[in-house]
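All remarks here apply to the structure that follows.
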Amino acid sequence: MLYLLDTANREEIAVLIEQFPIAGVTTNPTILARESEPFEELVRGIRATIGPERMLHVQTSCEDPTRIVEEALALRDLAGPPFFAKVPVTALGIQAIMRLKKQGVGVTATSVFTQQQALIAARAGADFVAPYVNRLDNIASNGVAVVNDIVHLFRLYGLSTRVLAASFKNVEQVHEVSMAGAHCATVAPELLKLLLYHPLTDMSVAEFKKDGPGCPRWSSDVEPEPPA
Ligand code: G3P
C-alpha cells in the first residue's frame with residue numbers, strides 16, 4: 001500500500017516527504033480552503049514542494065460534465081504531472097470521468113461510499129477510486145468492509161483501477177485497509193505520524209541509548225579510530 005498525504009499545507013508536506021515514503025498528495029476544496037495562499041499559487045507550490053515524481057490529486061468543483069472537463073484540464077496544466085483530477089461519483093461526475101479518460105486525463109473518482117459507485121467509476125475508466133472510510137464508520141456503516149469489497153470486485157473483474165482509501169481518523173482504520181489490499185491510503189499529517197509511533201519503540205531506543213556506545217562513535221565529525 002502506498003501512503004499519500006491528505007493536506008495542502010506546504011510546510012507540513014515539505015517536512016513529511018523527507019521523513020516518510022510519500023507517493024503523493026491529495027487535496028479537496030475543504031483542505032485547500034484551510035490554507036491562506038490563493039488557490040493557483042497553492043497548487044503550483046505543492047507541485048514545487050513534492051517534485052515531479054509524486055502524484056498530485058486535485059478536486060474539481062463544477063457539476064456540469066462539460067465544465068468538469070474544462071476545470072480538470074486547467075487543473076492538470078496548473079498542477080503538472082503526475083496529476084489526477086478528483087471527480088465526485090455523481091451521475092454527472094461519471095459522465096465527466098468517461099470524457100476525461102477519452103482525453104487521457106488521470107482521474108480519481110472521489111466521495112465513494114458504496115461498492116457499486118466504485119465499480120461504475122472503474123468501468124468508466126477512473127484510475128483510482130477514493131472510498132471514505134471514517135465517514136462511513138460515522139454513520140453506523142463499515143468503511144473497511146466497503147474497501148475490502150471494492151478491492152475484491154476489482155480483482156474479480158480484472159480491473160486496473162486502484163483503491164485510494166481516504167477519510168481516516170485512527171491507525172486501526174489505516175491498518176485494516178492495508179490488510180484489505182487497498183493500493184493507497186491518504187492520511188492527514190497527524191495520523192501519518194501516529195502510524196509510526198509506539199511507546200515501546202521509544203522506550204527501546206532510550207534503553208539502547210543508555211546502554212550503547214552512543215552516536216558520536218560513528219558520526220562523520222569524529223575521527224575513526226586507527227586500526228589496532
Ligand atoms: O481525501 C478525502 C478526505 O479528505 C476526507 O476526509 O476526514 O474529511 O472525512 P475527512
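Counting starts at 1 for both ligands and their atoms, in listed order. Since the structure is predicted, the reported quantities are computational estimates derived from the model, not experimental observations.
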Practice item. Evaluate the ring planes of Phe84 and His57, with Trp represented by its six-membered ring, and classify them as parallel (under 30°), tilted (30 to 60°) or perpendicular (over 60°). Key: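 Aromatic pair Phe84/His57 classed parallel.
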
Practice item. Tell me, yes or no, whether the heavy-atom count around Glu37 atom CD, taken from other residues, nucleotides or ligands under 6.0 Å, exceeds 12. Key: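 Yes.
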
Review point. Has Glu53 got more than 12 heavy atoms of other residues, nucleotides or ligands less than 6.0 Å from its CD?
Key: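 It does not: Glu53 CD has 12 such atoms or fewer within range.
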
[X]: numbered ligand 1 atoms lying under 4.0 Å from its heavy atoms:
X	result
Tyr132	2 (C)
Lys86	1 (O)
Ala166	1 (O), 2 (C)

Given that the side chain starts at C-beta and the backbone is N, CA, C, O, which of these parts of [X] lies under 4.0 Å from ligand 1, counting heavy atoms, or is it both or neither?
X	answer
Asn28	side chain
Gln59	neither
Ser167	both
Phe168	neither

**Study point:** N-O pairing of Lys193 and Glu190 below 4.0 Å
**Key:**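 Yes, Lys193 and Glu190 are salt-bridged.
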
Point to revise | Short side-chain donor-acceptor distance under 3.5 Å, Arg99 and Thr66 | key: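 A pair is found: one side chain offers a donor N or O, the other an acceptor, under 3.5 Å apart.
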
Taking all non-hydrogen atoms of both residues, which atom of [X] and which atom of [Y] are closest, and how far apart?
X	Y	answer
Leu100	Ala72	CD2-CB, 3.6 Å
Ala124	Lys101	O-CG, 3.9 Å
Ile22	Arg54	O-NE, 2.9 Å

Exercise for review: Return yes when Ile31 approaches ligand 1 closer than 4.0 angstrom through a heavy atom, no otherwise.
Suggested key: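 Yes, Ile31 has a heavy atom closer than 4.0 Å to ligand 1.
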
Top protein contact for [atom], by heavy-atom distance:
atom	result
atom 4 (O) of ligand 1	Asp6 OD2, 2.6 Å
atom 8 (O) of ligand 1	Arg135 NH2, 2.7 Å
atom 7 (O) of ligand 1	Lys169 NZ, 2.7 Å

